[in-house]
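Since we're looking at a predicted model, the values are computed, not measured.
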Amino acid sequence: MAEFVRWQYRIVSIGSVYAARNLGITLSYVGQRGWELQTVFDKASHWVEGIEKGFILFKRGEEPVEERDGPWAEVWTAEQVAQRYQATMAE
């Protein structure tokens, strides 16, 4: 089987309440894990249904690997990111 770089994507809904705080936590948490910021969509962007209050798109490439199971794209909420961030800070 041929090897290739597999791109993974994460969309994080930052919401409209505490958007600056959510943005900071999200950038810190996913950046530490090798995710690269692609773009920030403002509140007027209606690209993804249910995420009409602004979201961030991240991408990361894995080393060349054979095809494996697992999500190549996921949608997270700011609350999910904050919970994961707080869990890592408690370690």
Legend entry - side-chain contact (heavy atoms from CB on, under 4.5 Å) evaluation trace for Tyr9 with Arg60: CA-CA 7 Å; Tyr9 297 91; Arg60 96 176 151 183; over 6 Å; no

Inset, instruction - Apply side-chain contact (heavy atoms from CB on, under 4.5 Å) to Trp35 and Arg10, showing your working. - result: CA-CA 8 Å; Trp35 294 94; Arg10 292 290 180 269; 3.4 Å; yes

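Using a distance-only test at 3.5 Å, with no hydrogens or angles considered, no donor-acceptor pair links the side chain of Gln83 to the main chain of Gln80.
For Arg21, there are no side-chain hydrogen bond (donor to acceptor under 3.5 Å, both in side chains) partners, not counting sequence neighbours.
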Can you give the donor-acceptor pairs under 3.5 Å from side chains of residues 22-31 to other protein atoms, not counting sequence neighbours?
{"unit_1": "Asn22", "atom_1": "ND2", "unit_2": "Ile14", "atom_2": "O", "d": "2.9"}
{"unit_1": "Asn22", "atom_1": "ND2", "unit_2": "Val17", "atom_2": "O", "d": "3.3"}
{"unit_1": "Asn22", "atom_1": "ND2", "unit_2": "Tyr18", "atom_2": "O", "d": "3.3"}
{"unit_1": "Thr26", "atom_1": "OG1", "unit_2": "Asn22", "atom_2": "O", "d": "2.7"}
{"unit_1": "Ser28", "atom_1": "OG", "unit_2": "Gln32", "atom_2": "NE2", "d": "3.4"}

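Interatomic distance, CD of Gln38 versus NZ of Lys59, reported as 4.5 Å (0.5 Å rounding).
Leu37 places a side-chain heavy atom less than 4.5 Å from the side chain of Phe58.
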